[in-house]
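In the text below, chain A, chain B and the rest are named by the order of the sequence lines, each starting its count at 1. Quick note: numbers below take in every heavy atom, side chains included, and nothing from hydrogens, waters or symmetry partners.
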There are 2 protein chains.
Amino acid sequence: MPRASTRQQIIDAGLAELHARGYAACSVEDITRAAGVPKGSFYNHFASKEKFAVEAERRYFQVSGWPASFEEKSAVARLRAGFEALYAGAQDRSFSRGCMWGNLANEVADHSDAIRGELAEGLDAWSAIVTELVAAAQRNREISAVGDPAQLGRFIVNAWEGALTRSRVVRNGQPMDDFFRMVFGLLLA
Amino acid sequence: MPRASTRQQIIDAGLAELHARGYAACSVEDITRAAGVPKGSFYNHFASKEKFAVEAERRYFQVSGWPASFEEKSAVARLRAGFEALYAGAQDRSFSRGCMWGNLANEVADHSDAIRGELAEGLDAWSAIVTELVAAAQRNREISAVGDPAQLGRFIVNAWEGALTRSRVVRNGQPMDDFFRMVFGLLLA
């Protein structure tokens with residue numbers, strides 16, 4: 001594999017810092033130290049920490065654990081596999097850190113339209129993936145659940161974000177267990 | 001009405017600052033300025049900003065807009081009225097600020113066990129209220145929905161928190177509209 005470009009290196013290492021520390025507490029120096037590049041090189045690639053954060057947000061879904069492709073055949077099984085992968089990631093972090101998108105939404109969305117706009121796009125794109133799987137599950141009669149797939153898609157994504165936040169508070173997987181039982185056991189039954 | 005104690009005055013005015021600014025960005029001076037009391041008096045009542053935040057968290061539900069009592073007769077109508085009151089509050093703030101509990105969960109829960117512990121208690125107490133209303137709706141056969149009321153209660157609270165975060169990103173009520181349709185139209189139908 002070719003060596004990642006310096007820019008990509010800064011995004012990937014800096015994203016982990018941004019996720020762990022939060023926006024205000026994550027300095028450009030934290031980012032360049034984690035990336036192993038000179039501090040000055042940051043500004044060759046990003047005009048500001050805000051611009052960097054927008055790139056990190058854009059990259060986040062690809063490193064979130066959500067599968068790029070699925071082995072499962074049924075749409076419901078694929079949906080479940082997607083959330084199970086996110087659950088495994090949260091468990092690996094002992095339920096700390098939460099979702100970087102959710103963190104930025106709560107910390108910065110009121111103050112930066114650039115960061116807020118990218119969050120809206122990211123969450124829309126993820127909701128569209130969930131919506132498509134819900135619609136396929138309905139089409140294939142895997143589920144008898146009625147309900148508009150677009151509303152279900154957004155609702156399920158938002159419910160996951162809320163569950164992840166609660167798991168950070170209780171430091172265990174109960175909120176996600178509730179999510180799986182309610183979403184797959186009732187809502188999409 | 002007797003004049004609120006200085007301590008209560010600091011909690012109520014400071015809570016609004018903490019909600020609007022977030023934990024790190026809210027200084028003791030911001031709190032005392034909002035409360036109209038000398039900066040020094042803060043430490044007569046609270047050992048630290050962290051201790052103040054725990055008191056503010058404890059107070060938050062009472063000022064969140066969730067009704068202390070309900071005029072509605074049916075349990076489902078009461079539940080709906082509770083979330084509608086929270087929706088109205090979010091609308092009044094143009095969907096900014098989010099939920100103070102959710103903000104603290106994402107900003108501080110990883111770093112302060114005192115703040116995290118109080119969040120867990122607050123969210124548990126609110127979930128218990130929702131659970132009781134869901135259980136009453138099931139008992140009274142207002143809804144045919146099956147499902148463990150405690151799991152439903154926690155899930156609904158977490159889904160609300162996620163919807164509120166998303167509404168901060170999109171700056172409109174769509175995530176809450178989705179919440180009402182999915183929770184009252186499908187999950188508790």
Side-chain angles (χ1 to χ4, degrees), chain A residues 20 22 24-25 94-99 101-111 115-120 122-124 127 145-148 150-171 174-179 181-183 185-187 189, chain B residues 20 22 24-25 93 95-99 101-111 115-120 122-124 127 145-148 150-171 174-179 181-183 185-187 189:
Chain A
S94 306
F95 305 105
S96 70
R97 300 194 187 182
C99 167
W101 283 346
N103 299 349
L104 290 170
N106 282 304
E107 188 186 354
V108 201
D110 288 0
H111 312 296
I115 287 174
R116 191 176 67 77
E118 183 60 36
L119 281 176
L123 288 164
D124 275 354
S127 300
V146 291
D148 178 70
Q151 287 172 1
L152 275 163
R154 292 190 301 261
F155 174 76
I156 289 169
V157 161
N158 300 347
W160 177 263
E161 290 289 311
L164 195 57
T165 297
R166 182 82 168 264
S167 77
R168 209 168 171 179
V169 170
V170 294
R171 291 249 172 106
Q174 188 190 55
M176 270 91 105
D177 295 334
D178 291 334
F179 172 91
R181 285 198 205 92
M182 297 299 109
V183 169
L186 289 180
L187 204 56
Chain B
R93 297 188 297 273
F95 305 105
S96 70
R97 299 195 189 183
C99 167
W101 282 346
N103 299 348
L104 289 171
N106 282 305
E107 189 187 354
V108 202
D110 288 359
H111 312 296
I115 287 175
R116 191 175 66 76
E118 183 60 35
L119 282 175
L123 289 164
D124 275 354
S127 299
V146 290
D148 178 69
Q151 287 173 2
L152 275 162
R154 291 190 301 260
F155 174 76
I156 289 168
V157 161
N158 299 347
W160 177 263
E161 290 290 311
L164 195 57
T165 297
R166 182 81 168 264
S167 77
R168 209 169 171 179
V169 171
V170 294
R171 292 249 171 105
Q174 188 190 54
M176 270 89 106
D177 295 335
D178 291 333
F179 172 92
R181 285 198 205 93
M182 298 298 109
V183 169
L186 290 180
L187 204 56

task: Measure distances from Arg168(B) to the heavy atoms of chain A and classify the residue's part below 4.5 Å as side chain, backbone, both or neither.
output: both
task: Would you tell me whether Arg97(B) and Asn106(A) have side-chain atoms, one donor and one acceptor, within less than 3.5 Å of each other?
output: no
message: If the condition is side chain to side chain donor-acceptor pair (under 3.5 Å), which residues does Asp148(B) pass it with, not counting sequence neighbours?
response: none
- prompt: What option among Val183(A), Asp124(A), Asp178(A) has the most heavy-atom pairs under 4.5 Å with chain B?
  reply: Asp178(A)
field: Val108(A) and Arg116(A), any side-chain heavy atoms less than 4.5 Å apart
entry: no
query: Ala105(A) versus chain B, heavy atoms under 4.5 Å apart: side chain, backbone, both or neither?
result: both
query: Considering only heavy atoms, which portion of Ser127(B) lies under 4.5 Å from any heavy atom of chain A: side chain, backbone, both, or neither?
result: side chain
query: Heavy atoms, side chains only, cut-off 4.5 Å: are Thr165(B) and Glu161(A) in contact?
result: no
message: When you compare the side chain of Phe155(B) with that of Arg181(A), does any pair of heavy atoms fall below 4.5 Å?
response: no
task: Count the heavy-atom pairs under 4.5 Å between each of Ala25(B), Ser96(B), Gly98(B), Ala109(B) and chain A, then report the option with the highest count.
output: Ser96(B)
- prompt: Given a strict heavy-atom distance threshold of 4.5 Å, which part of Arg154(A) is in contact with chain B: side chain, backbone, both, or neither?
  reply: both
message: Can you tell me how far apart CZ (Phe179(A)) and CD (Gln151(B)) are? Round to the nearest 0.5 Å.
response: 13.5 Å
- prompt: Using non-hydrogen atoms only, which part of Leu152(B) is less than 4.5 Å away from chain A: side chain, backbone, both, or neither?
  reply: both
query: Where does Val146(B) contact chain A at under 4.5 Å (heavy atoms): side chain, backbone, both or neither?
result: both
message: Can you tell me which of Leu123(A), Leu187(A), Leu186(A), Asp177(A) forms the most heavy-atom pairs within a distance under 4.5 Å of chain B?
response: Leu123(A)
Residue, of Glu107(B), His111(B), Gln174(B), that accumulates the most heavy atom pairs under 4.5 Å with chain A: Gln174(B)
